[in-house]
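What you see below is based on every heavy atom in this structure, not just the backbone, and it leaves out hydrogens, waters and symmetry mates. Each chain gets a letter, A, B and so on, in the order the sequences are listed, and its residues count up from 1.
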Amino acid sequence: MKTAGALIAVTAAAIALASGTAAGGAAAPEDMALVPAGPPAAFFVPGGSGVPAAGADRGASADVPAFLIDRRPVTRRQFAEFLRRRPEWSRSRVAAVLADAHYLEDWASDFDAGARVPPDAPVTRVSWFAANAYCQWRGKELPTVDQWERAAAGDGKDTAATRDRILRWYSQPATEPLGVVGRGAPNAYGVYDLHGLIWEWTLDFNSTLISTDSRDPGGKDDPLFCGSGSLGAVDPSDYATFMRYALRNSLRASYTTSRLGFRCAAEPDRP
Amino acid sequence: MWITALMLSFATVATAAPDQNAVEPTEGEERAVLTDAPTVPPPITRKHATKVVVRLEVVETEMTVAEGVRYSFWTFGGKVPGKFIRIREGDLVEFHLDNHPDNKMPHNIDLHAVTGPGGGAASSLSAPGHSSVFSFKALNPGLYVYHCATAPVAMHVANGMYGLILVEPRDGLPKVDREYYVMQGDLYTKGPNGQPGLQPFSMLKAIDERPEYVVFNGAVGAIAGDKALQARIGETVRLYFGVGGPNLTSSFHVIGEIFDRVWPEGNTSVVSHNVQTTMVPAGGAAIIDFKVEVPGTYILVDHSLTRAFNKGALGMLKVEGGDNKIVYSGKISDEVYQPEGSRIRVTDLPPQPARPALTRKQLLDRGRSVYTTNCAACHQANGQGIPKAFPPLARSDYLNADKVRAIRTVTGGLQGSVTVNGEKYNGVMPAWTLSDEDVAAVLTYVYGSWGNSGKEVSAQEVKTHRAKGSAKASE
């Protein structure tokens with residue numbers, strides 16, 4: 001299946017190159033998956049007022065246009081190559097405003113990720129600025145929250161199982177070294193590791209203002225503040241997703257953590 | 001006027017109005033002493049407000065909930081409950097919340113002792129590897145719960161993120177001999193109570209408020225056995241008791257004691273006397289004083305009793321000292337009482353799924369756990385029994401002589417005269433509704449302990465020799 005899918009993708013990419021397929025076509029390089037246009041996997045009710053029932057209509061936001069997203073998170077090996085090409089992002093040279101004191105602190109040296117963690121494990125302890133620079137260097141960009149959540153929701157058939165997996169991941173303290181990317185099963189779009197390995201940066205990670213106080217009903221100051229408490233959520237029982245939004249909200253662009261990495265996205269006609 | 005005078009006479013502790021505390025100037029600065037339960041920091045003796053620096057570190061760590069059961073706790077300071085914080089009313093607290101770099105989750109803190117939006121939550125959200133600082137003036141004295149308030153708040157609390165902060169009234173609380181810190185919490189594990197291994201959090205059980213464990217100080221047995229709270233007769237014991245929840249209210253009770261003084265709701269302005277059971281809400285606390293007069297073991301429970309006896313809400317206070325036969329005589333006589341009808345307790349248990357065969361080590365661990373829960377109360381943890389009441393299992397001739405009889409005794413109970421190691425016993429042991437596997441485990445454990453024969457008992461043997469008429473405990 002996987003091989004067949006990849007072949008189709010390669011073939012499609014070749015056709016796209018040959019014929020200059022317009023945006024929205026099925027063009028995808030091998031290491032990226034195409035997520036078709038569709039509604040965002042909204043977690044918060046737009047304009048949120050009142051308490052929606054669990055599983056209520058997910059709102060009337062505009063569709064997310066089709067996009068490409070890396071099948072796997074960016075690895076330490078890939079990031080090491082970026083650092084050699086863009087040494088201004090190396091640990092000793094990066095500006096303090098662009099990365100906090102934990103930036104790449106688990107690396108052996110500026111350009112050597114070291115042997116403690118496999119080179120094909122996802123790179124973590126990177127700031128948003130560094131992740132963003134990496135994606136731009138690759139001619140891509142970070143996925144938006146809407147894109148990331150849409151990719152992560154898959155075809156929506158195994159929501160309960162996915163939540164279970166996420167909660168199980170939350171139950172494991174982050175003391176073990178990270179495993180390599182792409183080990184589990186891909187989701188319906190052929191994307192790996194969206195859950196259960198690391199957190200991931202998004203382009204607009206700070207655009208949804210979930211309140212720092214999870215019980216704050218919000219809704220008075222700003223529609224986005226409705227993200228604050230369960231009152232604004234489409235499904236208040238979705239603890240797994242709450243946590244993702246809370247994590248994003250705790251971040252600033254210079255922050256790094258031991259379990260926060262990223263992957264890149266692109267428009268379909270500009271892989 | 002008369003009413004005011006009456007009310008004042010009920011108040012045992014002088015406190016200042018919040019307005020006064022808001023403007024009380026502070027002198028000097030100190031670092032707060034923080035302690036892990038059941039220890040409490042020393043009372044505050046200074047007579048003025050000061051600036052207190054509190055540094056609390058959030059640590060995500062795997063710990064034991066019950067024997068063989070692991071859980072990934074999120075903690076304020078590495079243990080559950082979180083560190084006890086002790087300050088005085090009028091103090092200016094500079095609060096540092098440090099989220100350890102190895103953590104996976106964002107966290108914050110809401111202290112119920114804080115006056116201000118979110119109780120500090122909005123000012124303290126910290127990503128892993130980051131630290132937040134905010135300050136507050138302690139306007140109201142009392143015993144307050146603190147907890148994490150990051151979304152989803154119930155999960156953070158269920159995972160252990162709660163603790164107590166005591167804001168002492170300006171003249172302090174009445175002096176006592178011992179102070180202890182106990183908090184109750186409910187835990188929602190994916191597997192049923194007792195299922196070994198690392199148990200993930202169950203969102204569904206949490207939402208349904210169906211905990212698998214209800215515990216004091218983070219684990220079954222955290223303040224029992226050799227970790228029991230201690231006191232000597234004649235001493236006055238104070239419990240700072242809080243409920244983290246996230247969901248259940250506690251009917252807190254100490255078996256065999258009457259609370260001489262309770263400050264309900266953690267409110268230091270009003271005291272109740274002669275209380276049997278005090279209700280403590282989730283996110284609430286009480287201060288409880290009682291003098292211990294009679295030696296022995298006093299059991300702390302949530303008097304919603306299945307929580308105590310099936311889910312872990314059970315602690316111990318061991319009181320040492322000479323007997324006081326006037327206050328309490330002890331047992332004066334004991335004779336066999338035989339009512340009409342069956343002496344066997346029959347309970348239908350749901351069928352248990354088949355489990356893979358256990359290794360001897362697993363069998364012994366399981367056996368120890370079954371023994372601790374069901375047998376140790378009478379036969380004692382060391383198998384020595386109690387002279388004239390409960391026969392010993394250690395080096396027991398009665399036990400070692402006949403394995404089948406042992407299986408029948410556990411599954412069918414035993415009544416009447418038996419001779420064990422030359423001593424006569426005339427008592428009643430009830431039939432136990434344990435699964436074949438549990439009976440095999442506990443007997444293998446007993447045979448493998450305390451100088452016994454080392455026989456192994458299999459679940460198959462238990463199935464074959466199970467006493468007739470006893471409950472069928474497993475498929």
S.K.: Please classify the contact of A/Trp199 with chain B as side chain, backbone, both or neither, using a heavy-atom distance under 4.5 Å.
M.R.: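 Contact with chain B involves the side chain of A/Trp199 alone.
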
S.K.: Quick one: of A/Thr256, A/Leu167, A/Leu251, who has the most non-hydrogen atom pairs under 4.5 Å with chain B?
M.R.: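 Ranked by heavy-atom pairs under 4.5 Å with chain B, first place is A/Leu167.
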
S.K.: Which one wins on heavy-atom pair count under 4.5 Å against chain A: B/Asn99, B/Ile207, B/Leu204, B/Thr61?
M.R.: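 Most heavy-atom pairs under 4.5 Å with chain A: B/Ile207.
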
S.K.: What distance do B/Thr150 atom OG1 and A/Phe242 atom CZ have between them, rounded to the nearest 0.5 Å?
M.R.: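 Reported to 0.5 Å precision, the distance equals 12.0 Å.
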
S.K.: Looking at A/Ser258, is its backbone amide N or carbonyl O close enough to the side chain of B/Lys104 to form a donor-acceptor pair, meaning the two atoms are under 3.5 Å apart?
M.R.: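 No, B/Lys104 side chain to A/Ser258 backbone: no donor-acceptor pair under 3.5 Å.
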
S.K.: B/Pro128 and A/Leu247: which non-hydrogen atoms are nearest, and at how many Å?
M.R.: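 Heavy-atom minimum between the residues: CD-CD2, 4.0 Å.
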
S.K.: Which pair of heavy atoms, one from A/His102 and one from B/Pro101, lies closest together, and at what distance?
M.R.: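 Smallest heavy-atom distance, with atoms named: CE1-CG, 3.8 Å.
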
S.K.: Over 60° means perpendicular and under 30° means parallel, so tell me whether A/Tyr255 and B/His130 are parallel, tilted or perpendicular.
M.R.: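 If you compare the ring of A/Tyr255 with that of B/His130, the planes turn out parallel.
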
S.K.: Side chain, backbone, both or neither: which part of A/Thr241 has a heavy atom under 4.5 Å from chain B?
M.R.: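 Neither part, no heavy atoms under 4.5 Å.
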
S.K.: So what's closer than 4.5 Å to chain A heavy atoms on B/Glu60: side chain, backbone, both or neither?
M.R.: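 Just its backbone gets close to chain A.
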
S.K.: Measure the shortest side-chain to side-chain distance between A/Met243 and B/Pro152 over non-hydrogen atoms and say whether it is less than 4.5 angstrom.
M.R.: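 In short, these two side chains touch, coming nearer than 4.5 Å.
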
S.K.: Scan residues 252-265 of chain A for pairs that pass salt bridge (charged side-chain N to carboxylate O under 4.0 Å, His left out), counting only residues two or more places apart or in two chains.
M.R.: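 Passing the test, one end in residues 252-265 of chain A: A/Glu200-A/Arg263.
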
S.K.: Please report the shortest heavy-atom distance between B/Ser126 and A/Ser250, naming the atom on each side.
M.R.: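 Between these two residues, the closest heavy atoms are C-CB, 4.2 Å.
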
S.K.: Hey, could you give me the CE/CD1 distance between B/Met203 and A/Ile166, rounded to the nearest 0.5 Å?
M.R.: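 Answer for the CE-CD1 pair, B/Met203 versus A/Ile166, is 9.5 Å.
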
S.K.: Output the distance between atom OG (A/Ser171) and atom CH2 (B/Trp74), rounded to the nearest 0.5 Å.
M.R.: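 Reported value, rounded in 0.5 Å steps: 7.5 Å.
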
S.K.: For residues 154-166 of chain B, please give each side-chain donor-acceptor pair under 3.5 Å, one per line with the distance, not counting sequence neighbours.
M.R.:
{"unit_1": "B/His156", "atom_1": "ND1", "unit_2": "B/His107", "atom_2": "ND1", "d": "3.2"}
{"unit_1": "B/Asn159", "atom_1": "OD1", "unit_2": "B/Tyr71", "atom_2": "OH", "d": "2.5"}

S.K.: Quick check: are there more than 12 heavy atoms from other residues, nucleotides or ligands sitting under 6.0 Å from NZ of B/Lys311?
M.R.: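 Atom NZ in B/Lys311 is crowded, with more than 12 foreign heavy atoms closer than 6.0 Å.
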
